[in-house]
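This report concerns only the one structure given below.
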Amino acid sequence: MDWQPLILSLELATITTVVLLLVGIPLAYWLANLKRWKPFWETLISMPLVLPPTVLGFYLLVAFSPMYWFGSWLDKWFAIRLVFSFAGLVIASMIYSLPFMVQPIQAALQSLPHSLTEAGLTLGKSRWVILRRILIPNIRPAILTGTVLSFAHTIGEFGVILMIGGNIPGRTRVASVAIFEAVETLNYRAANGYALVLLVITFLIVWMVYWINGRSINTWNR
Amino acid sequence: MIRWHFRKELHSAQGPMQLDVQAMAATGTITGLFGPSGSGKTSILRMIAGLMDPDEGYLQVDDAVWFDSKTQQQRLPQDRSVGFVFQDYALFPHLRVRENLHFALPKGDSPQIVHELMQMMDLHSLADRYPRQLSGGQQQRVALARAIVRKPRILLLDEPLAALDSSMRQTLQDFLIRLKDTYTLTIILVSHDLPELFKLAQQVCVVEQGQISRHGTPAELFAAEAVSGRYRAQGTIVQIRANGVLFLVDVLVGSEVVNVLASREDLVGLQVGSPVLIISKAFNPFIVGMNV
């Protein structure tokens with residue numbers, strides 16, 4: 001069995017999750033405190049949950065393609081080509097997994113008593129300090145949940161990747177695509193190998209979340 | 001000296017209400033805000049702290065303007081020198097008592113004040129506990145100490161003592177007076193408790209329907225009727241028993257049951273659970289000290 005697609009999948013999921021964590025927390029904070037147009041932005045961020053991955057993949061393909069203005073602008077000014085590249089996969093995966101990171105964090109931020117932020121303000125602290133030192137430590141279970149769900153969701157990504165990444169070995173052929181290809185060529189052994197590894201990895205990850213969150217809830221109640 | 005005039009349209013449970021309050025508080029004094037719930041008391045505190053913006057008005061603290069709708073001046077809450085003790089205390093759940101106090105310390109300030117406050121408020125034995133491991137009274141002491149760590153000029157208390165039993169209240173009222181004198185604080189507190197206002201406040205503003213209907217010293221506002229030699233108390237009827245042509249009525253006043261004789265006409269429209277006023281005309285009280 002060729003391990004490269006699995007390694008690529010893990011690489012893609014790790015990078016996507018780390019970047020998503022950095023983007024997702026401020027975004028969730030912004031959404032949680034939004035007063036106007038909140039349902040609009042929430043809907044926009046939740047779209048990847050309901051859109052067929054092929055729809056998302058199609059529009060990203062069009063956007064990234066050097067034949068259209070965004071792609072050609074990137075190409076001209078930065079010499080970046082996102083179509084059929086690993087960087088393109090990272091950006092697509094971020095959009096695809098965004099709700100999985102943002103929603104739990106936003107819900108947790110909204111469930112914290114507002115007086116915590118207000119207490120921080122009257123103690124002379126900036127919103128940034130309050131977010132970092134008061135809010136984030138109190139929503140750690142939600143951050144863990146968001147991180148793990150994004151990771152697992154990115155590993156399981158298929159349609160979007162096929163649309164904008166294709167099937168280039170070592171660059172865009174991730175495990176889920178490799179399974180599809182193996183089945184198409186009737187190589188069930190290889191397909192089973194990839195599938196089994198993905199099954200075990202995702203099971204372990206989700207199990208870890210339940211275990212850690214269960215433990216932290218116990219500490220909380222003690 | 002703090003002077004303010006706030007106008008704001010509030011949305012209370014009874015519908016929209018126009019808040020329009022103008023008052024001042026002298027440095028180093030305690031001002032009580034008294035009145036029915038939903039009358040706008042908490043909103044006044046929040047506007048002083050900058051957590052809520054008035055539609056119109058101003059707020060002046062000594063020579064500095066903290067808010068003025070005419071000149072569009074506005075200080076952010078984090079730049080106002082206030083301490084706020086919230087009704088739910090708002091202690092940071094993930095920080096120990098000592099860390100809650102340290103968090104409030106401005107950058108570069110000596111931690112001496114934290115030590116001093118822990119000493120004064122009797123918190124040393126609780127320093128390593130988390131807020132959830134504290135009783136209501138202990139949490140309130142921590143919240144009070146935390147609000148004072150940055151040595152604010154104004155301390156705002158939103159009914160902080162409401163949930164405490166009477167002996168704990170006494171202790172905290174003493175703490176409050178000591179803090180006020182030590183750090184020359186100007187304190188504004190929301191309270192429903194007359195004994196508390198008598199003990200603490202130099203000035204009381206009665207807030208009703210978004211307006212300050214009366215203000216003065218607690219004695220001026222609440223003691224006038226007692227001076228006339230009458231005793232009155234509010235209570236609730238807990239039992240009515242027929243006794244010949246009259247009725248014996250048990251009325252719960254505070255935690256005591258008072259027995260009152262009443263005629264059938266007196267009791268028209270009254271039943272068990274009705275709120276009533278007891279008035280005694282021939283009243284000749286004497287005082288006995290109590291050890292609480």
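What you see below is based on every heavy atom in this structure, not just the backbone, and it leaves out hydrogens, waters and symmetry mates. Throughout, protein chains are lettered first and strands after them, A, B, ... in sequence-line order, and every chain is numbered starting at 1.
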Please set out all donor-acceptor pairs under 3.5 angstrom arising from side-chain atoms of residues 116-129 of chain B, sequence neighbours excluded.
| from | atom 1 | to | atom 2 | distance (Å) |
| --- | --- | --- | --- | --- |
| B:Glu116 | OE2 | B:Tyr183 | OH | 2.8 |
| B:Arg129 | NH1 | B:Gln133 | O | 3.3 |

Let me know if B:Leu91 has heavy atoms under 4.5 Å from chain A in its side chain, its backbone, both or neither.
backbone
NZ (A:Lys38) with more than 12 external heavy atoms under 6.0 Å:
yes
Measure the spacing between CG of B:Asp79 and CG of A:Leu121 and express it to the nearest 0.5 Å.
10.0 Å
Under 4.5 Å from a heavy atom of chain A, the part of B:Tyr130 involved
neither
How would you list, by chain and number, every residue that makes a side-chain hydrogen bond (donor to acceptor under 3.5 Å, both in side chains) with A:Ser46, sequence neighbours excluded?
A:Gln103
How long is the gap from CG on A:Leu116 to CZ on B:Phe86, to the nearest 0.5 Å?
9.0 Å
Within a radius of less than 6.0 Å around CZ of A:Phe158, do more than 12 heavy atoms belonging to other residues, nucleotides or ligands occur?
yes
In this structure, are over 12 heavy atoms from other groups packed under 6.0 Å from A:Arg140 atom CZ?
no
Heavy-atom neighbours of A:Arg127 CZ exceed 12 at 6.0 Å:
no
Can you tell me how far the CD1 atom of B:Ile154 sits from the OG1 atom of A:Thr122, to the nearest 0.5 Å?
12.0 Å
Side-chain contact, heavy-atom cut-off 4.5 Å: B:Phe92 with A:Arg133?
no
Sort B:Leu156 into side chain, backbone, both or neither according to what part of it lies under 4.5 angstrom from a heavy atom of chain A.
neither
Smallest heavy-atom separation, B:Gln78 atom then A:Ser126 atom, equals NE2-CA, 4.3 Å
Side chains of B:His94 and A:Ile134, heavy atoms from C-beta outward: is any pair under 4.5 Å?
yes
Hey, is CZ on A:Arg81 packed in by over 12 heavy atoms from elsewhere, all under 6.0 Å?
no
Is B:Pro106 in contact with chain A via its backbone, its side chain, both, or neither, using a 4.5 Å heavy-atom distance?
backbone
Under 4.5 Å heavy-atom distance to chain A, tell me which part of B:Arg46 shows up: side chain, backbone, both or neither.
side chain
Looking at A:Trp30, I want to see if its CH2 is surrounded by more than 12 non-hydrogen atoms of other residues, nucleotides or ligands under 6.0 Å.
yes
